[in-house]
Amino acid sequence: MRVSGEGGRRPARLERRRARLAVRRVRGPLPLRALRRLGLVRSPLRRRVDRFQRWCAAGLLALALAAAPAVGIWLGGWAYAAGVGAERAERAGRALVPVTVTATGGLGTTGDRYVHETVQGTWTGPDGRPRVGTLPAWKGAEVGERHRVWMDRDGMPTVRPRPHSRTVTDAVYAGIVGGIGALVPVGLAYWGLRARCDRLRDRDWESAWARMDTDAGNSRPS
């Protein structure tokens, strides 16, 4: 006889709920389960290789927690110092020079793909002589306007020096990559440890089954 409808669903739900509660009672409360997973609760089923693996895993975890922040901080600090040095070097070789616009509406290319507007301008070079050249245009550029443009040591237009925000970003990325990179050898070490312990467990199981077969053969009535 098949039970259908809402009355048939409720008993099934109650049975599943009772089964889950029974499993939870057998497994114990959450703190006890966590301690059991960490190997801190005595168990007659736990073998020597299991305890060895857990202690080694705890040591590797402690090593990872100590090494990852240390490597991340060191690498991030190194990247920050290198970035600050690059900032100073670029600022030392570049300067903002006033440029007077003499003509607008030109076109220039950057590499083989990008086309941008240009202006003709005049400015004073490092030697004090006037310079005339083509520069990338800026928004609202008009003839006669004076605009400050970054120039290199030779008095030629160049890009702005490295901003400090880029240095901070590079340092953060380097710290994150360094911390993750420090976890790789620890993870490989645990993988090798786990593989070795699994082989030992398999060998112990085979030995235990062989002993059981021997004991069963010896206990048979003659």
Side-chain angles (χ1 to χ4, degrees), residues 2-4 8-86 165-222:
R2 184 173 62 181
V3 180
S4 60
R9 295 193 189 97
R10 289 182 180 177
R13 293 177 182 176
L14 291 176
E15 290 298 329
R16 288 196 295 269
R17 185 177 301 175
R18 291 172 182 172
R20 287 196 295 267
L21 292 176
V23 171
R24 290 178 182 176
R25 284 195 294 268
V26 172
R27 296 175 61 185
L30 181 61
L32 180 61
R33 296 201 301 270
L35 293 175
R36 187 182 295 117
R37 287 182 177 274
L38 293 174
L40 301 178
V41 178
R42 292 181 177 273
S43 174
L45 300 178
R46 187 171 294 115
R47 293 160 293 181
R48 182 180 300 176
V49 65
D50 298 327
R51 292 190 295 270
F52 174 77
Q53 178 181 336
R54 290 185 182 276
W55 282 112
C56 290
L60 290 174
L61 177 61
L63 178 62
L65 293 178
V71 174
I73 292 173
W74 174 80
L75 193 58
W78 176 83
Y80 182 82
V84 170
S165 59
R166 179 182 172 186
T167 298
V168 174
T169 302
D170 290 349
V172 172
Y173 285 158
I176 294 174
V177 172
I180 295 175
L183 298 177
V184 172
V186 178
L188 292 176
Y190 179 74
W191 178 79
L193 170 70
R194 178 64 182 268
R196 176 61 178 171
C197 291
D198 286 343
R199 287 194 294 268
L200 293 176
R201 274 188 286 265
D202 292 340
R203 189 182 65 183
D204 291 344
W205 274 111
E206 292 176 359
S207 301
W209 280 112
R211 287 194 300 270
M212 290 179 62
D213 292 340
T214 303
D215 295 341
N218 293 334
S219 61
R220 292 176 182 173
S222 57

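Each residue takes its place number in the sequence, starting with 1.
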Please give me the minimum heavy-atom distance between [X] and [Y], naming the atom from each residue.
{"X": "Ala68", "Y": "Ala182", "result": "CA-CB, 3.9 Å"}
{"X": "Val168", "Y": "Tyr80", "result": "CG2-CE1, 4.2 Å"}
{"X": "Ala64", "Y": "Val186", "result": "CB-CG1, 3.9 Å"}
{"X": "Leu193", "Y": "Ala57", "result": "CD2-N, 4.2 Å"}
{"X": "Ala174", "Y": "Ala79", "result": "CB-CB, 3.7 Å"}
{"X": "Leu75", "Y": "Gly178", "result": "CD2-CA, 3.6 Å"}

Are there more than 12 heavy atoms of other residues, nucleotides or ligands under 6.0 Å from atom CZ of Arg196? no
Hey, could you give me the CG/CG distance between Leu188 and Leu183, rounded to the nearest 0.5 Å?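 Those atoms lie 11.0 Å apart.
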Rounded to the nearest 0.5 Å, how far apart are CG of Asp198 and CG of Asp202? 6.5 Å
All ring-ring contact (aromatic ring centres under 6.0 Å, His included) counterparts of Tyr190, not counting sequence neighbours: none
